[in-house]
Novice: 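Here you go, one structure.
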Amino acid sequence: MRRHAAIPRNACYNFPAMIDTFLVAERTLVSAKGDSAGVDLSGAASRAFLLTLEITKIIEQESLDVSILGSADGTTWGAKPVVAFPQKFYCGEYPLLLDLTAHPDVKIVRAHWEVARWGRATETPMFEFSLRLKEIPPEILREARAEAKAFV
């Protein structure tokens, strides 16, 4: 019989309601710059989030720039993004960490995108994409930081 290490009594595997939502809904089709609706993060247990940009359709010779803007009140948005994806040209799934620990005033975030097209074909760009925002539980962040320190 195999013995397992005892699980500490204070271990919690049922995290409280974590934020897991889309800033840009699945299969959103865009041909011009735009902004998503704001998402309130003030109830989050963590200040770190995983962003997942998924591009599902494109046409050739075009680019997509996606950034995240922050706000304290939902009406006034920062002039500079709190984080931005590198410029994208192809279909795929692209993760990015949104760490708001350096931005304690940010309570609401929204996505902003810019599209561009060049070449001889039609001048109107077309992207189908989504942007998911998922809170990273504080326990996982502590564990990852501890492991990172162990490698230094």
Side-chain angles (χ1 to χ4, degrees), residues 7-59 62-118 123-152:
I7 297 173
R9 289 183 183 254
N10 61 354
C12 177
Y13 295 100
N14 296 320
F15 299 114
M18 305 296 288
I19 294 173
D20 185 358
T21 189
F22 283 90
L23 287 173
V24 178
E26 292 179 289
R27 304 209 177 272
T28 297
L29 193 61
V30 300
S31 59
K33 72 178 181 176
D35 295 289
S36 72
V39 171
D40 187 349
L41 304 178
S42 59
S46 170
R47 297 292 289 163
F49 303 85
L50 175 63
L51 294 167
T52 305
L53 172 64
E54 184 177 14
I55 302 172
T56 48
K57 286 186 186 175
I58 62 164
I59 51 180
E62 65 180 2
S63 64
L64 174 67
D65 293 281
V66 177
S67 58
I68 304 300
L69 301 174
S71 173
D73 58 8
T75 55
T76 305
W77 297 90
K80 292 183 181 180
V82 291
V83 72
F85 285 88
Q87 192 173 56
K88 300 298 176 196
F89 304 94
Y90 304 104
C91 288
E93 195 171 285
Y94 307 97
L96 183 67
L97 178 67
L98 170 60
D99 185 354
L100 295 175
T101 54
H103 305 277
D105 57 319
V106 172
K107 294 184 179 27
I108 301 169
V109 295
R110 74 176 182 195
H112 174 76
W113 59 88
E114 302 267 342
V115 295
R117 178 134 169 79
W118 62 90
E123 292 181 22
T124 305
M126 186 282 302
F127 276 95
E128 182 183 85
F129 73 100
S130 65
L131 183 58
R132 185 175 184 176
L133 173 102
K134 189 171 186 177
E135 184 177 354
I136 300 172
E139 295 83 3
I140 292 175
L141 284 175
R142 281 193 294 273
E143 183 180 317
R145 287 183 180 127
E147 286 181 20
K149 285 181 183 178
F151 288 111
V152 176

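Count residues from 1 along the sequence. The basis for the numbers below is simple: all heavy atoms, side chains too, and nothing from hydrogens, waters or symmetry mates.
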Novice: Kindly list each side-chain donor-acceptor pair under 3.5 angstrom involving residues 140-147, sequence neighbours excluded, with atom names and distances?
Specialist:
none

Novice: List, one per line, each side-chain donor-acceptor pair under 3.5 Å for residues 105-112, sequence neighbours excluded.
Specialist:
{"from": "His112", "atom 1": "ND1", "to": "Gly34", "atom 2": "O", "distance (Å)": "3.2"}
{"from": "His112", "atom 1": "ND1", "to": "Asp35", "atom 2": "OD1", "distance (Å)": "2.7"}
{"from": "His112", "atom 1": "NE2", "to": "Glu114", "atom 2": "OE2", "distance (Å)": "2.8"}

Novice: With the side chain counted from C-beta on, respond yes when Ile68 and Leu96 share a heavy-atom pair under 4.5 Å apart, and no when they do not.
Specialist: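 No - every pair of side-chain heavy atoms lies 4.5 Å or more apart.
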Novice: Report the C-alpha distance between Thr28 and Val30 in whole Å, list the side-chain angles of each, state the deciding distance to 0.1 Å, and finish with yes or no for side-chain contact (heavy atoms from CB on, under 4.5 Å).
Specialist: CA-CA 6 Å; Thr28 297; Val30 300; 3.9 Å; yes
Novice: Tell me which donor-acceptor pairs under 3.5 Å the side chains of residues 77-84 have, and how far apart each pair is, sequence neighbours excluded?
Specialist:
none

Novice: More than 12 heavy atoms of other residues, nucleotides or ligands under 6.0 Å from NZ of Lys134: yes or no?
Specialist: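 Not more than 12 within 6.0 Å, no.
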Novice: Which value, rounded to the nearest 0.5 Å, describes the distance between Ile19 atom CD1 and Leu50 atom CG?
Specialist: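 Here the rounded value is 13.5 Å.
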Novice: According to side chain to side chain donor-acceptor pair (under 3.5 Å), who are the partners of Ser71, at least two apart in sequence or on a separate chain?
Specialist: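 Partners of Ser71 by the side chain to side chain donor-acceptor pair (under 3.5 Å) criterion, ordered by chain and then number, come out as Asp73.
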Novice: Taking side-chain hydrogen bond (donor to acceptor under 3.5 Å, both in side chains) as the cut-off, I'd like each qualifying pair that reaches into residues 94-103, sequence neighbours left out, listed once.
Specialist: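 Counting only pairs at least two positions apart or across chains, the side-chain hydrogen bond (donor to acceptor under 3.5 Å, both in side chains) contacts touching residues 94-103 are Asp99-Thr101.
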Novice: Taking the side chain as everything from C-beta on, heavy atoms only, tell me whether Ile58 gets closer than 4.5 Å to Phe89.
Specialist: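 Of all side-chain heavy-atom pairs linking Phe89 with Ile58, none is under 4.5 Å.
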Novice: Within the structure provided, determine whether Leu97 and Ile136 are in side-chain contact (heavy-atom separation under 4.5 Å).
Specialist: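 Heavy-atom side-chain distance check passes, below 4.5 Å.
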Novice: Which distance, rounded to the nearest 0.5 Å, do you find between the SG of Cys91 and the CD of Glu54?
Specialist: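 Output value for this atom pair is 9.0 Å.
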Novice: Does any part of the side chain of Ser63, heavy atoms only, come nearer than 4.5 Å to the side chain of Lys88, both counted from C-beta?
Specialist: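 They are not in side-chain contact.
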Novice: Closer than 3.5 angstrom, by distance alone: can the side chain of Gln87 be matched with the main-chain N or O of Leu64 as a donor-acceptor pair?
Specialist: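 Absent.
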Novice: How about Leu29 and Lys57: do any of their side-chain heavy atoms sit closer than 4.5 Å?
Specialist: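 Side-chain contact under 4.5 Å: no.
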Novice: Between Leu98 and Leu100, is any pair of side-chain heavy atoms under 4.5 Å apart?
Specialist: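 Contact flag for Leu98/Leu100 side chains = yes.
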Novice: Any ring pair (Phe, Tyr, Trp, His ring centres under 6.0 Å) involving residues 27-54? Give me the pairs, sequence neighbours left out, ordered by first then second residue.
Specialist: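 Non-adjacent pairs meeting ring pair (Phe, Tyr, Trp, His ring centres under 6.0 Å): zero.
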Novice: First locate atom OG of Ser31, then atom CD of Glu123, and finally report the distance between them rounded to the nearest 0.5 Å.
Specialist: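 Ser31 OG to Glu123 CD: 13.0 Å, rounded to 0.5 Å.
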Novice: Compile the donor-acceptor pairs under 3.5 Å between side chains in residues 125-133 and protein atoms, sequence neighbours left out, one pair per line.
Specialist:
{"from": "Glu128", "atom 1": "OE1", "to": "Arg27", "atom 2": "NH1", "distance (Å)": "2.9"}
{"from": "Glu128", "atom 1": "OE1", "to": "Thr56", "atom 2": "OG1", "distance (Å)": "2.6"}
{"from": "Arg132", "atom 1": "NE", "to": "Asp20", "atom 2": "OD1", "distance (Å)": "2.8"}
{"from": "Arg132", "atom 1": "NH2", "to": "Asp20", "atom 2": "OD1", "distance (Å)": "2.9"}
{"from": "Arg132", "atom 1": "NH2", "to": "Asp20", "atom 2": "OD2", "distance (Å)": "2.6"}

